[in-house]
Protein chains: 4
Amino acid sequence: MAGVNKVILLGNLGADPEVKHLEGDKVVANLRLATTEAYKDKSGNRVENTEWHDLELWDGQARIAEQYLKKGMQLYVEGKIKSDTWQDEQGNNRKRTKIRVLSFTMLGGRPDNAGSPQSNTGAYTGSTQSMPSTSVPAGPADDDDLPF
Amino acid sequence: MAGVNKVILLGNLGADPEVKHLEGDKVVANLRLATTEAYKDKSGNRVENTEWHDLELWDGQARIAEQYLKKGMQLYVEGKIKSDTWQDEQGNNRKRTKIRVLSFTMLGGRPDNAGSPQSNTGAYTGSTQSMPSTSVPAGPADDDDLPF
Amino acid sequence: MAGVNKVILLGNLGADPEVKHLEGDKVVANLRLATTEAYKDKSGNRVENTEWHDLELWDGQARIAEQYLKKGMQLYVEGKIKSDTWQDEQGNNRKRTKIRVLSFTMLGGRPDNAGSPQSNTGAYTGSTQSMPSTSVPAGPADDDDLPF
Amino acid sequence: MAGVNKVILLGNLGADPEVKHLEGDKVVANLRLATTEAYKDKSGNRVENTEWHDLELWDGQARIAEQYLKKGMQLYVEGKIKSDTWQDEQGNNRKRTKIRVLSFTMLGGRPDNAGSPQSNTGAYTGSTQSMPSTSVPAGPADDDDLPF
DNA sequence: TTTT
DNA sequence: TTTT
């Protein structure tokens, strides 16, 4: 039966992409994305809850991720849930879930703290001059196919 | 930073709900939902790929799940990704991901095989007389609040 | 600025598709889809609210719609909002909004009322033998590319 | 039949909110949101396509919109399609479609053009000091319920 | 472990 | 005009 498996995330990157160039021109990028929700508990105190997502991008998208995505940037992502299952050395069934990204849109990053000491973490600080803001669909994306 | 963490699934239940009644009127239901995608590979052969999702419902929704959901039924689900992290006995960091259901809609099940031998698995067979078709939002849902 | 314009619908077809074959192998299909929500008002009465959506499909998808979709069928749809604007004869600005379908999944229809008099409306009655249940993505979809 | 009618938008406000305070503490805010997609046509030229959406927010959300939303701001929106139908003076059936907002998240705005002449349009220019970044759900939202 |  |  045909089904639907769709994930929509909007959050910030916890680190620069980890990119591996495989044989045969294949490229895979792994990202850590944090989505935070805030609410007030019964006592009226503001509570923050952060969920970390493991994202996986392939080929054309992985190359764009490698080139443009940086720790701290804000990202809108569409994808699907994909899990690996295996047996560990103890013979236990194990499962790891990640998000296979199908398209993403760069939204910006944390604001530039003008005047304050710059961190040296390499994190993206929102200078939009150097970042193309675009949507990156899946598919055989040569750089020539990019809309920017 | 406020973010978005949204999951949309449409698939079939692999088993009847597992429901636990906890102290203080709390109820939790766990479901296994399969989403299947079909495509043709390069050789033109039809390939099927099934992803299994662990769903978690609480309280009012859990009670409805307990009452109406059955193995084999088709479900539309909205929710969010939620993971538990812990250390196992070996001291390894472990993570388990599930879908916290925020609303769901019962769509039906596999059609009643009239004339063919009925399975005795207790699986739902699509007899719509006994199933209310409705959308079940989150919240303090007494049975009185249900729209059917 | 790259943005997101996404619509997700799950409802029933109010009529058979209206299909036009245009010059140059172009095909367009128009569908009417009803999405119904039910709730209880303050007095506790069950209220139903139906929204009608104008869907537009092109080419490969339009051909599949023409071949398989029927009045009454239940459909899951992903697409985007697209509006036409023009001036009418009185010089008033007019706007018409429709959903450009990017993918859809056939879910079934109202159950076959075995034994009861069949309506002669040509409406789909859920006999799954004749209907492939599949997801239909956008793109240059020859029938050969279909996963069923 | 319970259905799904869901819209997800990410775009920029074309104008400040238009807010009307009605009798009985009811408030309604209307917003114009632009979603832009960019692609390359067959000749390889970059093409931009902007869709304008009419958003409607009520009560608690409308009050927050009135207080914080400004022309130019970037917004993530979830809602549903809602159309009004009526007959005009000529007796023609007319239909107007809008998005009833169920939750939204403020993402920022167009970057502050430091050094360049400021426009006097009252548009939001991304100074994050004065803007709480949060998600605003539907419901009876007193200011006290806001998570910021 | 579901469904077609 | 659909569906329950």
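Proteins get letters first, then strands, A, B, ... in listed order; numbering begins at 1 in each. Small disclaimer: the values here were computed from a predicted structure and weren't measured. Hydrogens, waters and symmetry mates are skipped; everything else that's a heavy atom, side chains included, is used.
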Checklist line | Residue C/Asn12, side-chain atoms from C-beta onward, closest of E/dT3, E/dT4, F/dT3 | finding: F/dT3
Notebook entry, point to check: Is the closest basic N to carboxylate O distance between C/Arg46 and C/Asp41 below 4.0 Å?
Noted result: no
Note to self: Nearest whole Å is fine: how far is F/dT2 C1' from C/Asp16 CG?
What the structure shows: 11 Å
Note to self: Checking contacts here: which listed nucleotide (E/dT2, F/dT2, F/dT4) is nearest the side-chain heavy atoms of B/Thr36?
What the structure shows: E/dT2
Note to self: Looking at B/Thr35 and E/dT2, is any side-chain donor or acceptor paired with a base atom of the opposite kind under 3.5 Å?
What the structure shows: no
Notebook entry, point to check: Thinking salt bridges, do B/Lys95 and A/Asp54 make one under a 4.0 Å N-O criterion?
Noted result: yes
Check: Tell me: CE of B/Met106 to P of E/dT3, nearest whole Å?
Finding: 18 Å
Notebook entry, point to check: Rounded to whole angstroms, how far apart are CD on C/Gln74 and P on F/dT2?
Noted result: 15 Å
Margin query: Could you tell me how far apart C/Leu10 (CG) and F/dT3 (C1') are, to the nearest whole angstrom?
Written below: 11 Å
Item checked: Whole angstrom value for the distance that separates P of E/dT3 from CG of B/Asn49 -> 18 Å
Margin query: Between A/Glu56 and A/Lys82, does any side-chain N to carboxylate O distance fall below 4.0 Å?
Written below: no
Item checked: Separation between NZ of B/Lys80 and CD of A/Glu51, rounded to the nearest 0.5 Å -> 9.0 Å
Check: In whole angstroms, how far is the P atom of E/dT4 from the CE atom of B/Met73?
Finding: 13 Å
Notebook entry, point to check: For the pair made of NZ in C/Lys40 and P in F/dT4, what is the distance, rounded to whole Å?
Noted result: 20 Å
Check: What about C/Thr50, does its side chain sit under 3.5 Å from the base of F/dT2 through a donor-acceptor pair?
Finding: yes
Notebook entry, point to check: When the distance from CH2 of C/Trp52 to C1' of F/dT2 is rounded to whole Å, what number comes out?
Noted result: 4 Å
